[in-house]
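Since the model is a prediction, treat every value here as computed from it, not as a measurement. Along the sequence shown, residues carry numbers from 1.
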Amino acid sequence: MSMMNESAKRDLLRYKKNSGAALLTYVAIIFDALYFISAYSIDFGSVTTADKTVVVYQWLIGISVVYNLLFLLAAFLCSEGVKNYKTGFSYLLVAMGLGQLVRVFVIPVFTRFGGIEYMFSHGIFNDITDELTSTVLEQTGNTIPIIEQDQFIYMSCCLIASAAFCIIAGVIAFIKSTTLKSYLIELKKRGSKV
């Protein structure tokens, strides 16, 4: 009886789209959109105070915008590919999820801590003083954080959630597509024996 149910489930894959993996990919896109809304709301221009001028690196933001557009396009294409059980798109989703994890160490870390070395040497949850940096250049040699701890945590969580949904969608898509592929091969062998 359980063998019949398993065979019926595999046969059902031939007629049903892989909408679960596609839906998870859409959720990953939503979390990425929440991230870039928060990230691009930061004032990346120059800020002048009484004793210092802060300038954020503009090229980092430019690269981030281009990468974000490519991520959104690729994620949408992957969502359509995994619906039709294309195995290659599952690999791409996992790679994109890993890319989202790397992005945590770019704008969030640079704008809060000034780089990875500062983050690990001064601790993620410690208060930052004027001696720490955050992707800024100052005339005095001192540096200040650009974003607050809450925004850093929010942006990081959005990227981590986006990465998790991409990786889970990729794994589900891979399992279902390989299951369908092996079932189709099995059906072909049965047909050639008859």
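Using a 4.5 Å cut-off between side-chain heavy atoms of Ile, Leu, Val, Met, Phe, Trp and Tyr, with links allowed through other members, L70 and F89 fall into different hydrophobic clusters. No continuous path of hydrophobic side-chain contacts links L77 to L23 [ILVMFWY only; heavy atoms under 4.5 Å]. I168 and Y91 sit in two unconnected hydrophobic clusters of ILVMFWY residues. Membership requires side-chain heavy atoms under 4.5 Å apart, directly or through other members. Follow the hydrophobic side-chain contacts under 4.5 Å out from F174 and you never reach L92; the two are in separate clusters.
With 3.5 Å as the limit, one finds no donor-acceptor pair spanning the side chains of T178 and Y85.
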Evaluate the side chain to side chain contact (heavy atoms under 4.5 Å, CB included) criterion for residues V106 and Y67: first the C-alpha distance (whole Å), next the side-chain angles of each, then the deciding distance (0.1 Å), finally the verdict. CA-CA 12 Å; V106 184; Y67 180 86; over 6 Å; no

Check against side chain to side chain contact (heavy atoms under 4.5 Å, CB included), C78 and M96: CA-CA 10 Å; C78 284; M96 288 169 41; 4.1 Å; yes

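A 4.5 Å side-chain heavy-atom check between I29 and L72 finds at least one atom pair inside the cut-off. In this structure the side chain of F165 never reaches within 4.5 angstrom of the side chain of T25, judged on heavy atoms. Residues V27 and F31 meet the side-chain proximity criterion, which asks for heavy atoms closer than 4.5 Å. Counting heavy atoms from C-beta on, the side chains of K83 and S19 never come closer than 4.5 Å.
Heavy atoms only, all atoms of each residue included: I167 and G97 are closest at CG1-CA, 3.9 Å. Residue S156 comes nearest to P108 through the heavy atom pair OG-CB, 4.0 Å, listed as atom of the first residue, atom of the second, then distance. Here the closest non-hydrogen pair linking L24 and A169 is CB-CB, 3.7 Å. V82 and S90 make their closest contact through CG1-N, 4.3 Å (heavy atoms, listed as atom of the first residue, atom of the second, distance). Contact record, C158 with Y35: CB-CB, 3.8 Å, taken as the closest heavy-atom pair. Minimum heavy-atom separation, S64 to I107: OG-CD1, 3.3 Å.
Remark: the backbone N or O of L34 is not paired with any side-chain donor or acceptor of S38 at under 3.5 angstrom. At distances below 3.5 Å, at least one donor-acceptor pair connects side-chain atoms of S162 with backbone N or O atoms of A28.
The CD atom of Q149 sits 4.5 Å away from atom CD1 of I153, with the distance rounded to the nearest 0.5 Å. Here the CD-SG distance, from Q100 to C166, works out to 6.0 Å after rounding to the nearest 0.5 Å.
In the displayed structure, F36 atom CZ is contacted under 6.0 Å by more than 12 heavy atoms of other residues, nucleotides or ligands.
When each of L98, V109, L159 is paired with R103, the side-chain contact (heavy atoms from CB on, under 4.5 Å) condition holds for L159 and for no other.
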